[in-house]
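Working notes, structure below.
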Amino acid sequence: MARSALWREIAAALEAEIGRGHFPPGGRLPTEAELSARFGVNRHTVRHALADMAARGLVHARRGAGVFVTGRAAEYPLGRRVRFHQAVTAAGMTPSRNLTRIETRPADAEEAAQLRIAAGDAVHVVEGVSMADGQPIALFRSIFPAGPLPDLPRVITETGSVTAALAACGVADYTRESTRITAKAAKPVQALALRIREGDPMLRSVAVNVDGEGRPVEYGITWFAGDRVTLTVAGG
């Protein structure tokens, strides 16, 4: 084998293993040292193979953590009834969420205006990471009025589902009143949580959900990894 073709052979072997599911979406590849030992080449050759795979969108490097398999983009509809689990499941992927913050505190002026309550009124704040097939696709922050939903923190801790928690608190159905989409660049902490690079593109969604009487029940901000989600406009 010509030495110049070694990196191509390594890239092809790793791509085939990704295709067979040996390394799932969001999974980390072996280290450069491990790959060098496996294929009997120097690290420069391994880096060349990984760089080629990254250029084709198969993998992405996360500084200090390694090289990870890039998952396919999830179709995510933006309609009057947006449900994370339903949207990801409909895309043929497995949804999950990791809750990182649940607390009750006074509402700031912006939160109060969106929820139509008084500044300083109590709100529940829920933050976390949304995943599809184990790969982070979005960060979210949901703010709920605490007055009509006193038990929401307990229920959402137990279920991990906003829809289930609202239903348990008496909100049988809710719909999207408004959505604003803005392009943003990933900040360091966001990049770390989403396993992307600082400065990578994100799409920020700011939305208000209302109950059947038109009363706001959730003010939500979501930061989607730009290359992992395809946002589509859906009907009601």
For the hydrophobic clusters of this structure (ILVMFWY residues joined by side-chain heavy atoms under 4.5 Å, transitively), does one cluster hold both [X] and [Y]?
| X | Y | value |
| --- | --- | --- |
| I221 | V217 | no |
| V171 | L115 | no |
| W223 | V129 | yes |
| L139 | V162 | no |

In Å and rounded to the nearest 0.5 Å, what is the [atom1] to [atom2] distance from [X] to [Y]?
| X | Y | atom1 | atom2 | value |
| --- | --- | --- | --- | --- |
| M53 | H48 | CE | NE2 | 13.0 Å |
| T222 | L203 | OG1 | CG | 11.0 Å |
| S36 | R47 | OG | CZ | 8.0 Å |
| C169 | L152 | SG | CG | 5.0 Å |
| E127 | N98 | CD | CG | 12.0 Å |
| L58 | F23 | CG | CZ | 13.0 Å |

Does a side-chain N-to-carboxylate-O contact under 4.0 Å join E34 and R38?
-> no
Could you check whether [Y] and [X], counting side-chain N and O atoms only, form a donor-acceptor pair closer than 3.5 Å?
| X | Y | result |
| --- | --- | --- |
| E218 | S142 | yes |
| T179 | R176 | yes |
| S130 | R97 | yes |

Please check: side-chain N/O of [X] versus main-chain N/O of [Y], any donor-acceptor pairing under 3.5 Å?
| X | Y | result |
| --- | --- | --- |
| Q190 | K187 | yes |
| T45 | V41 | no |
| H85 | T94 | no |

Do H22 and L14 come close enough that some side-chain heavy atom pair is under 4.5 Å?
-> no
Check whether any side-chain heavy atom of I102 sits under 4.5 Å from a side-chain heavy atom of T157, and report yes or no.
-> yes
Mind checking side-chain contact (heavy atoms from CB on, under 4.5 Å) for R83 and listing every partner two or more places apart, or none if nothing turns up?
-> R81, Q86, T163, D173, Y174
Applying side-chain contact (heavy atoms from CB on, under 4.5 Å), name anything that partners E111, two or more places apart in sequence or on another chain.
-> R105, A107, D108, V123, I143, Y219
Could you please spell out the steps behind the side chain to side chain contact (heavy atoms under 4.5 Å, CB included) verdict for I10 and L35?
-> CA-CA 9 Å; I10 293 168; L35 291 173; 5.8 Å; no
Could you walk me through whether V59 and F68 pass side chain to side chain contact (heavy atoms under 4.5 Å, CB included), step by step?
-> CA-CA 5 Å; V59 300; F68 294 82; over 6 Å; no
Kindly indicate, with the supporting measurements, whether the criterion side chain to side chain contact (heavy atoms under 4.5 Å, CB included) is fulfilled by N209 and L166.
-> CA-CA 11 Å; N209 289 322; L166 287 173; over 6 Å; no
